[in-house]
4 protein chains.
Amino acid sequence: MSAPAPEKLVEGAEPKRLRGHLRVQAILDAAGALFAERGYDAVTMTEVAARSGAAIGSLYRFFPTKEVLADALLRRYGERIDAELAALADEAATLPLDAFADAFVDHALAWAPDRAAALVLIEARHMAGPQRERLRESMRARFCETIAHVNPALGPDRVEAKARVLHQLFKLVAANAGEGAAVLRELRALVAGFLRGRAADG
Amino acid sequence: MSAPAPEKLVEGAEPKRLRGHLRVQAILDAAGALFAERGYDAVTMTEVAARSGAAIGSLYRFFPTKEVLADALLRRYGERIDAELAALADEAATLPLDAFADAFVDHALAWAPDRAAALVLIEARHMAGPQRERLRESMRARFCETIAHVNPALGPDRVEAKARVLHQLFKLVAANAGEGAAVLRELRALVAGFLRGRAADG
Amino acid sequence: MSAPAPEKLVEGAEPKRLRGHLRVQAILDAAGALFAERGYDAVTMTEVAARSGAAIGSLYRFFPTKEVLADALLRRYGERIDAELAALADEAATLPLDAFADAFVDHALAWAPDRAAALVLIEARHMAGPQRERLRESMRARFCETIAHVNPALGPDRVEAKARVLHQLFKLVAANAGEGAAVLRELRALVAGFLRGRAADG
Amino acid sequence: MSAPAPEKLVEGAEPKRLRGHLRVQAILDAAGALFAERGYDAVTMTEVAARSGAAIGSLYRFFPTKEVLADALLRRYGERIDAELAALADEAATLPLDAFADAFVDHALAWAPDRAAALVLIEARHMAGPQRERLRESMRARFCETIAHVNPALGPDRVEAKARVLHQLFKLVAANAGEGAAVLRELRALVAGFLRGRAADG
DNA sequence: CATGAATGAGTATTCATTCAT
DNA sequence: TATGAATGAATACTCATTCAT
């Protein structure tokens with residue numbers, strides 16, 4: 001007598017026209033800014049809609065769930081950071097060490113604006129989603145590449161360990177984006193020292 | 001329901017005040033654990049009350065607002081971390097540099113358990129409270145002390161800058177509490193290198 | 001890192017004080033009336049709350065879900081109808097056939113007011129709940145008893161079949177509660193004829 | 001997307017009108033099936049559009065409101081049932097009583113499939129529409145005809161009363177479409193008994 | 001003072017309907 | 001005319017906070 005409701009879409013409708021694509025971008029931008037400012041839980045879907053200039057119904061057409069919205073944001077962010085880190089790994093192969101240390105800091109600083117929203121989403125306790133793991137994993141791989149380029153003689157375990165620390169240094173530097181020159185100088189020194197690896201290598 | 005108060009051990013004078021104190025501690029413990037597990041927004045006052053064995057009305061008698069509760073938690077946490085950092089600053093004055101670098105890492109790792117709840121609260125974007133600033137400020141002061149002890153020749157600006165980076169290194173190390181020996185070795189090297197300050201000093 | 005939210009109550013809080021019991025009754029009455037008037041889907045929880053004089057939050061304290069509310073209503077209704085049908089079965093054993101036919105009609109008519117809400121809930125396509133099956137089953141059992149009393153010579157299959165039809169006649173009569181004497185006379189004749197069972201027995 | 005219209009079979013004059021007609025039929029079919037499966041409220045206009053192969057905009061061109069759609073469905077259903085009942089009334093005039101009782105049951109069973117969607121719509125409390133009344137009225141008239149044919153001696157009041165009960169018996173039988181032979185035999189006996197009208201006539 | 005029932009503003013989400021393309 | 005993206009009022013449900021007992 002009773003009948004199960006039909007399957008629900010898990011992904012929002014892909015926008016098929018230019019207008020839709022623009023709208024999706026606007027929504028992601030608005031959501032990113034709001035999440036960065038106030039955290040995942042504190043932001044309401046209504047606010048996201050308002051800030052992006054979309055009606056609440058339109059927002060839900062593309063992102064049928066708050067979590068899906070966060071996931072999409074994380075995916076977009078992941079693409080950007082991966083491109084950034086790929087470039088970084090390349091530079092690790094071509095630049096002399098000190099120049100590369102500076103480049104590393106520059107990349108981290110350039111990344112900073114995106115960072116806030118991304119971090120909030122990654123740290124958010126709920127939204128377990130595999131998105132987070134995937135992102136973390138791809139970043140780690142890039143940092144391993146980088147370390148391997150900088151220091152080709154290292155065994156895989158050392159590479160892993162140093163890559164992990166380098167990953168954290170990346171975040172650390174990004175967290176200091178707004179600071180004065182003095183701090184940045186310290187950071188460059190910190191990174192250069194780490195890459196040169198005197199202490200741990202000896 | 002409430003923690004059994006050892007009423008007879010005291011002079012019978014202030015059983016209520018003592019009970020109240022214990023209850024406050026229980027509430028703070030419960031809140032700290034829950035915030036660490038699930039984040040500030042996701043935890044309900046009712047849950048805090050239940051986990052601490054207090055009635056919701058009692059919880060509100062002590063902490064008239066969720067934000068006040070978070071603030072109190074942050075204050076308690078601030079006292080602990082300040083003691084820890086004070087000890088660290090002392091060691092900076094007495095230990096040789098390499099030994100101190102190890103001590104620094106040890107302190108950071110020891111701090112890690114507390115860290116989770118505190119971090120959740122500090123990062124929570126909305127709760128503006130002055131508590132955060134005050135905590136940050138006191139931590140920074142301790143790190144300045146530490147740097148000054150390690151490197152007495154530095155001018156105040158350099159001290160400021162290095163203290164800021166040291167602060168972040170503290171968090172970075174704490175974030176690696178669960179990692180293997182290889183990573184820890186890298187971290188010790190990183191900290192030692194930073195404190196020695198070769199690159200930036202030259 | 002992430003933690004699952006604690007289990008949610010499936011049953012609403014049992015009222016522990018008189019006030020609470022009265023409130024629960026008021027809510028069930030309001031819900032019953034509204035469901036009967038306008039159907040399950042068309043009634044909003046806010047309306048139920050308003051009509052029962054409770055705040056929406058209070059409604060949800062006792063009935064954490066619209067479905068739970070419907071289930072509770074069905075349970076209450078089930079208790080009443082079972083008492084009614086038990087009495088009917090007793091009368092089947094003691095009254096002469098024609099008198100019993102009249103009693104049957106009277107019982108069905110007496111039941112009519114409750115009927116509307118119950119029927120709406122039983123027919124509702126969603127809310128699969130076992131409540132429905134259980135209710136249907138217990139009613140069927142009572143009608144089997146009744147038939148067995150009226151006509152002790154019947155085999156179990158005949159009893160089943162006649163019980164099923166009797167069940168439907170019960171609903172049919174109840175559906176005519178507001179009609180004039182002429183219709184009621186026809187109904188009494190219909191029931192008497194069915195119980196006497198001339199045609200089918202011969 | 002739309003059902004392939006046999007455009008060439010017509011004189012080429014009104015391909016649109018034909019297409020529209022087919023589309024309307026498809027929509028009504030889809031809506032009927034969905035309403036029967038899941039109830040009026042639970043079915044969305046978007047689903048109806050999807051199942052009928054029409055765009056949501058087209059659906060609204062033909063049926064400017066969900067209620068209008070339900071009404072149209074009810075009207076179509078009314079036409080069918082009226083034809084059925086007219087045939088039944090004819091048979092009442094020509095068949096001997098027992099044969100007619102069987103025919104009555106057969107007609108009711110044949111009608112059962114349509115019944116589901118119609119019943120859902122008729123029972124739906126909100127949709128007040130005059131459609132329901134009109135349908136009920138025309139059915140009653142047919143049942144009056146039938147009763148008059150079966151029992152020409154009855155006065156108009158008796159006819160009214162018996163017609164009303166016959167109407168309900170029609171629904172009762174239809175509700176047992178899926179049941180076993182034993183139940184059907186009881187139903188035939190019930191109907192025959194009622195038509196013969198021993199008890200009430202005496 | 002302690003308790004926990006009551007309150008109601010606020011949140012995510014759905015869906016009938018409109019209208020630009 | 002046909003299409004399906006856009007709209008926003010309405011809905012079930014949550015939770016910080018209050019207050020009668």
Side-chain angles (χ1 to χ4, degrees), chain A residues 5 8 13 15-20 23-24 41-50 53-69, chain B residues 1-2 16 19-20 23 41-50 54-69, chain C residues 5 8 13 15-20 23-24 41-50 53-69, chain D residues 1-2 16 19-20 23 41-50 54-69:
Chain A
K8 293 279 171 183
K16 284 174 179 115
R17 308 186 184 178
L18 174 61
R19 181 102 167 283
R23 173 138 293 184
V24 164
D41 295 277
V43 171
T44 73
M45 291 298 265
T46 305
E47 279 174 313
V48 173
I56 183 69
S58 303
L59 168 52
Y60 272 91
R61 165 170 292 275
F62 296 113
F63 304 101
T65 280
K66 195 179 178 186
E67 205 174 343
V68 167
L69 175 58
Chain B
M1 283 263 168
S2 68
K16 288 178 184 173
R19 269 238 306 257
R23 176 143 291 183
D41 295 276
V43 170
T44 72
M45 290 298 266
T46 305
E47 279 174 309
V48 173
I56 182 71
S58 301
L59 169 52
Y60 269 90
R61 184 158 297 282
F62 294 113
F63 304 101
T65 281
K66 195 180 181 186
E67 208 173 343
V68 167
L69 174 59
Chain C
K8 293 277 170 185
K16 283 170 180 119
R17 308 188 184 178
L18 173 61
R19 181 101 166 283
R23 174 139 292 183
V24 164
D41 294 277
V43 170
T44 73
M45 290 299 265
T46 305
E47 279 173 312
V48 173
I56 183 69
S58 302
L59 169 52
Y60 272 94
R61 164 171 291 276
F62 296 113
F63 303 102
T65 281
K66 196 179 178 185
E67 206 174 343
V68 167
L69 174 59
Chain D
M1 284 264 171
S2 69
K16 286 179 185 172
R19 267 241 307 257
R23 175 141 295 183
D41 296 275
V43 171
T44 73
M45 290 298 266
T46 305
E47 278 173 309
V48 172
I56 182 71
S58 301
L59 170 51
Y60 270 89
R61 184 158 298 284
F62 294 113
F63 304 100
T65 280
K66 194 179 181 184
E67 206 172 345
V68 167
L69 173 59

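In the text below, chain A, chain B and the rest are named by the order of the sequence lines, each starting its count at 1.
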Proximity to the side chain of [X] - top-ranked nucleotide from [options]:
X	options	value
C/I56	E/dA9, E/dT11, F/dA16	E/dA9
B/Y60	E/dA12, F/dT17, E/dG4	F/dT17
C/F62	F/dA16, E/dA6, F/dA6	E/dA6
C/K66	F/dA12, E/dA12, E/dT17	F/dA12

How far apart are the closest heavy atoms of C/L69 and C/M45, and which atoms are they?
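Taking C/L69 first and C/M45 second, the nearest heavy atoms are CD2-SD, 4.1 Å.
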
Whom does E/dG10 pair with, Watson-Crick or G-U wobble, provided both distances fall under 3.5 Å?
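The base-pairing partner of E/dG10, which may sit in any strand shown, is F/dC13.
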
If we call it a pair only when both distances are under 3.5 Å in a Watson-Crick or G-U wobble match, what pairs with F/dA20?
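Its partner is E/dT3 (Watson-Crick or G-U wobble, both distances under 3.5 Å).
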
Would you tell me if any nitrogen or oxygen in the side chain of [X] comes within less than 4.0 Å of OP1 or OP2 on [N]?
X	N	answer
D/R23	F/dT3	yes
C/S58	E/dT7	yes
B/R61	E/dC1	no

Write down the distance between [atom1] ([X]) and [atom2] ([N]), rounded to a whole number of angstrom.
X	N	atom1	atom2	answer
B/E47	F/dA16	CD	P	9 Å
C/M45	E/dT11	CE	P	21 Å
B/D41	E/dA12	CG	C1'	15 Å

B/L59 and B/R23, any side-chain heavy atoms less than 4.5 Å apart:
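Heavy-atom side-chain distance check fails, nothing below 4.5 Å.
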
Taking C-beta and beyond as the side chain, do A/F63 and A/V24 meet within less than 4.5 Å on heavy atoms?
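In short, these two side chains touch, coming nearer than 4.5 Å.
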
In terms of the nearest nucleotide of DNA chain F, which residue is placed more toward the 5' end: B/P64 or C/T65?
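With B/P64 and C/T65 compared, the 5'-side residue is C/T65.
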
Contact class for B/V43 vs. all strands (heavy atom < 4.0 Å): base, sugar-phosphate, or nothing?
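Counting heavy atoms under 4.0 Å across all strands, the contact made by B/V43 is with sugar-phosphate only.
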
Do D/K66 side-chain atoms and D/T44 backbone N/O form a donor-acceptor pair below 3.5 Å?
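No; zero donor-acceptor contacts below 3.5 Å.
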
Upstream residue (5' side of DNA chain E) when D/T46 and C/L59 are each assigned their closest nucleotide
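Upstream on the strand: C/L59.
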
